Structure formats: structure tokens, C-alpha cells
Protein chains: 2
Amino acid sequence: MSQENINSKLNFHVSVDCVVFGFEFGKLNVLLLERKMNYEGQEFKDLKLPGDLVRKDEDLDTAAARVLKELTGLDNIYLRQYAAIGTPNRLTRQERDMEWLRQIGHPEEVVVTVAYYSLINIDQERINKFELRDDAKWKPVSQISELAFDHMEILNDALTALRDELRFNPIGFELLPSKFTLSQLQKLYEVILGSTLDKRNFRKKVSNMPYVIPINEKEKGVSHKPARYYIFSKKVYEKTRKSSLDFFV
Amino acid sequence: MSQENINSKLNFHVSVDCVVFGFEFGKLNVLLLERKMNYEGQEFKDLKLPGDLVRKDEDLDTAAARVLKELTGLDNIYLRQYAAIGTPNRLTRQERDMEWLRQIGHPEEVVVTVAYYSLINIDQERINKFELRDDAKWKPVSQISELAFDHMEILNDALTALRDELRFNPIGFELLPSKFTLSQLQKLYEVILGSTLDKRNFRKKVSNMPYVIPINEKEKGVSHKPARYYIFSKKVYEKTRKSSLDFFV
DNA sequence: TGTCTTAGTGTATTAAATACACTAAATGCT
DNA sequence: AGCATTTAGTGTATTTAATACACTAAGACA
């Protein structure tokens, strides 16, 4: 391959985009950034996913973790790469997307992006470190119908990947505080999977999971029977998980 | 962000790498390319995954399909993106990898690669179109222990992704000819999942899959009781699949 | 005709999934 | 003090799926 040929293929940006999920008050939320711009003489506002260009000296996972740290102040949050997208016109399908790239001084170049979703819960240990960027907002997933660029597709794919993983891996706990009630856990599954579950069967299943451990602590100040708290033990999970297959045994 | 800053991030190559699986004579094989070079005065040979730089005007999936077409002459083969890898030194960890890049005139640049695995079977309809590149060879997966660059890791991740998908989706059929016997199907699962299965239970399970359909045709010329052929119907599968969950209902 | 080889079949047991309704414990109101 | 309201928490019977296991059938070939 000639040198010229190679250089004509060189001009890629590579970015990471992060779909940050949170779960609160029985709703699945996602962290989005406000995008403001002058467009056709008017102020135009919409929402986009947090993301950034990858630096030449960093790993993709490192870049995603850096974006999250800059966004939330938090380290060590659950991150999963689920797709890479390189559709040539993915940033320039809408006139206002092109205008925004011009206004922020970003060249209209092909950007291959690597998509991650992350799961965060703001529990007591971390709440003091948690500091959201000013332009970041939690939005209920159910109320988002449009985003900048191809970010709506990226979000939808993140949801699909999240559901797939939630079915087979104990990642739901990442979205709950370290102490949680079984009703919270059940609600989380119901909301993300989009179906209702039978309370007694759900609890029967949980009681067969040695890594979901009841602790001697109850809810306080609720005007009904207080629920017991449980914790998830990753250690016990690693030890006791059995490989199970669905399609064939 | 300053223009300078952006340009310093611009110099990415983006490539696709393809892990092409095939199944024959009860073995899982993968298509690899021979890499030949002068190294320390000697001829040095090893193996690498097929792949190529992505062109600026093509989609990632398109690039992967193009690589496969150039490699095998075949269109329309099962392709699945399963990872993106961007470790900064991924191509330059070994001196001989750097030497090879020099010898083919490829600059030592950071190459973010998007990994695909594909499943192919060479059945009667396609065999006339099938023409392997001269430097391509089928190798049994079980006999591969070392590859160029980070390709061994990429292959191992492909295997993990393949196993994960095989458990829950009817992709095994992609590795078999359109007409296959149940023993072939069982062997395929056994080889890929690395476990043995009970013949009667396996067949019981298959008989509950309306999309695995017996046809009125038997093996010929085998020196034992000839097996019946079956076909997989994607159409019936789409109609009858039920969503099942493993971790929670 | 017999031997070799792989195909093909059924049943009993155990484990898991499902469907379903009442009592318990706290708060707050009168 | 007692009652209403709200969510937590529990068990059993039924259906369905998973497992364990051994013999007969059909063709090739000597």
C-alpha cells in the first residue's frame, strides 16, 4: 500500500461516548449534557451524550473513565464498552449538528466513536465526591425522544446492551446503593426489563442467591412496615456462580 | 478546544480485524494469514488475523465485509462486531512486529481496531464462489497458541463472544451447511462450548425447536445407519422465539 | 451372514418456574 | 387509643423443564 494511500485513511478522530445510567425513585435516568448554540438567529438548545476525543497516549477504557471523572467527579464506576460506530456521516446528517461543530471549532471530520454505558449509584460513601458538571442533567430515559447527532441510536443500543447484560449478570446492584431493599431490586428489574414480576417468585429466586445477603438493618421513618436491607457480595458471587446456558445445555 | 489540540489527536488509523470461524470434521477452525519477513537476517514466519484499514467513506461493518470478500470471495456472511481495541502500544510491543510494519511501509502509528467475528460454512451453493487468498490458511483453534501483535487476545475474546452468543442465539447453524445432521449440530455445540452433551436430551431439546426442521433426505454412502438431514428456518425462528431470561424472570 | 459403526428412541426423577392471597409492622389521622 | 393506610413479607400446589440412563435400527463391508 502506498504512503499516500495510507495517509488518506489517516484522518480519523476517535472518540468515546458514555451513556451514564442512574436509578432513583423507581426511574431509570441517564446523564446528558445541554448543548446550546445560535442557530438561524435563534438560541437553540438540545441534549447530547457526554463524550470526548481519545488521546493518543490513552486506552479507550481510560478515555471513557476520564470522561466520567470529568463529568461526575467519580472514579471506579461500572463501565462497559458495547459498540463502535463509524458511519461516515454520523455527525453531519443535520444542518444544526454541522453548525454546532463549526461554532465549537471542531472540524467536520469523520469521528469513529466507541460507546460505553456506565452504571452509577450515589450512595453515602461517594456522595461527597460527587460533583456534576454544570451543563449535565439527569433525564428519565422514558422521556427522551431526541438527541444530537446519532446519540439517540447510541442510547437505544445502550439500553439493549444493558437489558441483555442484566438478564445474565448481577449488574443491577451497580445501580443501587450498597444497602437496598428487595422491593427496590425488584422495581429496578421491572423498570429496565419493562415487565412486572411476581413478588413471591422474585423473592424465592433471590433467596437462592447466596450473594444477596440480608443485614440486620431496616428502613426508618417510613409509614408502613419497614423493609429489611440487603447487600450484594461480589466475593460470594464469584465463588458460587454456576455457568448456565439457555439455548443449549 | 484549540485547533492544535485537536490535530494532535487526529492521527489515528482505524482498522477492522476479522476472526473468521469455520467448522469442519468436528473441529472449529479460524482463517489466518501467513506473515513472512526478514528478521535478524533470517526468514521469519508467523500468523496474523485478516484485517485492513478502514476507508474514510465506508462504515465499519462495510469495511469488515470488504475484508471478508477480499479474503474468501464470499458476500453475505455472518459478521458480528464484538470489541474495539485502542491500547496505544498494541502493535509495537514486539520488536518483530515493529520490523514488519517498517518492511511493509506502514507507519508505526496508533491503530484503533474494531474486531469482528464471522461464521462461514462452505456449502454447495457457495463453493464455486469460494476462493481463498493465497496466504490464507485454515487452522484449528485448539492448535493456535501465538499470533502476531495482540491478535491472540483478539482471537480469545472472539471465542468468548462466540460462546456467549451461541448460548442464546441460533447462530450455530451459520457454521453448518444448509442441510445438516443432529450429530453434526451436537458436535458443534460440544466443540465450541467445550463440554459433552447427552444425545437424547439434546435431541429432545431440538425437537422442541420448531425452526429446526427434518427433511426427507438421508446421508448416503456412510458405513453405518445414515442420519436424517435437518434445515434451520430463520423465518420460523423469528416467528416462534420466546424471550427468556436467565438471571431474573 | 455377521461385524462394525453411528442413528435414533422413552421413561422416571429431580429441579425450576409459575400462579396465587393473606398477615405483619410501621405511620398518621381522629 | 383505635383505626386506616401503606408496603413488607411469607407458602403451597401445579406445571414445565432438566437430567440421568441403555437398548434397537440401518446401512457398509468383509
Side-chain angles (χ1 to χ4, degrees), chain A residues 24-27 167-168 170 176-177 179-191 193 195-231 240-249, chain B residues 24-27 167-168 170 176-177 179-191 193 195-231 240-249:
Chain A
E24 213 175 5
F25 310 123
K27 278 189 176 166
R167 282 175 166 86
F168 306 113
L176 292 174
K179 294 185 274 187
F180 53 86
T181 69
L182 295 187
S183 295
Q184 285 177 302
L185 186 64
Q186 180 177 343
K187 184 77 187 172
L188 186 146
Y189 276 85
E190 290 181 332
V191 167
L193 299 179
S195 54
T196 58
L197 303 172
D198 178 88
K199 197 208 279 195
R200 280 183 285 191
N201 294 337
F202 183 86
R203 281 160 190 254
K204 197 190 297 177
K205 217 158 177 176
V206 171
S207 70
N208 286 325
M209 300 176 176
Y211 43 87
V212 181
I213 304 166
I215 59 176
N216 279 327
E217 201 176 329
K218 287 189 282 188
E219 282 181 312
K220 276 176 207 149
V222 288
S223 74
H224 54 76
K225 179 173 177 178
R228 192 166 189 184
Y229 283 118
Y230 287 72
I231 57 171
T240 61
R241 69 153 116 200
K242 32 187 169 179
S243 64
S244 81
L245 311 182
D246 222 42
F247 195 64
F248 275 110
V249 175
Chain B
E24 213 176 5
F25 308 123
K27 278 190 175 166
R167 284 176 165 86
F168 306 113
L176 292 175
K179 294 185 274 186
F180 53 87
T181 69
L182 295 187
S183 294
Q184 285 178 300
L185 186 64
Q186 180 177 343
K187 184 76 186 172
L188 186 148
Y189 276 86
E190 290 180 333
V191 167
L193 299 178
S195 53
T196 58
L197 304 173
D198 179 89
K199 197 208 279 194
R200 280 182 285 192
N201 293 338
F202 182 86
R203 283 161 189 255
K204 196 190 296 175
K205 217 158 175 175
V206 171
S207 70
N208 286 325
M209 299 175 175
Y211 43 87
V212 181
I213 304 167
I215 60 175
N216 279 326
E217 201 176 332
K218 287 190 281 189
E219 281 181 313
K220 276 176 207 151
V222 289
S223 75
H224 54 76
K225 177 172 177 176
R228 191 168 190 182
Y229 284 119
Y230 287 72
I231 56 171
T240 60
R241 71 154 114 203
K242 32 189 169 177
S243 63
S244 81
L245 312 182
D246 222 42
F247 195 66
F248 276 110
V249 175

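Below, read A as the first sequence line, B as the second, and so on, with proteins coming before strands; counting in each chain starts at 1. Predicted, not measured: the structure shown is a model, and the values here were computed from it.
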What is the distance, to the nearest angstrom, from the [atom1] atom on [X] to the [atom2] atom on [N]?
X: A/Lys187; N: D/dT7; atom1: NZ; atom2: P; value: 11 Å
X: A/Leu197; N: C/dA19; atom1: CG; atom2: P; value: 11 Å
X: A/Phe202; N: D/dG9; atom1: CZ; atom2: P; value: 12 Å
X: B/Leu185; N: C/dG8; atom1: CG; atom2: P; value: 12 Å
X: A/Glu219; N: C/dA24; atom1: CD; atom2: P; value: 19 Å
X: A/Asn208; N: C/dA17; atom1: CG; atom2: C1'; value: 12 Å
X: A/Lys218; N: D/dA8; atom1: NZ; atom2: P; value: 13 Å
X: B/Gln186; N: C/dT6; atom1: CD; atom2: C1'; value: 12 Å

Rounded distance [0.5 Å steps], [atom1] in [X] versus [atom2] in [Y]:
X: B/Gln184; Y: B/Leu176; atom1: CD; atom2: CG; value: 6.0 Å
X: A/Phe202; Y: A/Glu190; atom1: CZ; atom2: CD; value: 8.0 Å
X: B/Lys218; Y: B/Lys225; atom1: NZ; atom2: NZ; value: 8.5 Å
X: B/Tyr229; Y: B/Thr181; atom1: OH; atom2: OG1; value: 7.5 Å
X: B/Arg228; Y: B/Phe180; atom1: CZ; atom2: CZ; value: 12.5 Å

Toward the 5' end of DNA chain D, by each residue's nearest nucleotide, B/His224 or A/Tyr229: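 Counting from the 5' end, the first nearest nucleotide belongs to A/Tyr229.
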
Validation row: B/Leu197, B/Tyr189 side chains within 4.5 angstrom (heavy atoms):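 The answer is yes, as the side chains (C-beta and beyond) meet within the 4.5 Å cut-off.
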
Side-chain N,O (A/Ser223) to OP1/OP2 (C/dG28) below 4.0 Å: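 False: A/Ser223 side-chain N/O out of range (4.0 Å or more) of C/dG28 OP1/OP2.
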
Side-chain N or O of B/Lys225 closer than 4.0 Å to phosphate OP1/OP2 of C/dT5: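 Answer no for this pair, as no side-chain N or O of B/Lys225 is under 4.0 Å from OP1 or OP2.
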
Sugar-phosphate, base or nothing in reach of A/Ser183, heavy atoms under 4.0 Å: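 If one applies the 4.0 Å heavy-atom cut-off, A/Ser183 turns out to touch the sugar-phosphate alone, with no base involved.
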
N/O-N/O pairs, protein side and nucleotides 9-14 of chain C side, under 3.5 Å:
residue	atom	partner	partner atom	Å
C/dT11	O4	B/Lys204	NZ	3.0

For A/Gln186 against A/Asp198, the heavy-atom pair lying closest together: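 That would be NE2-C, 4.2 Å.
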
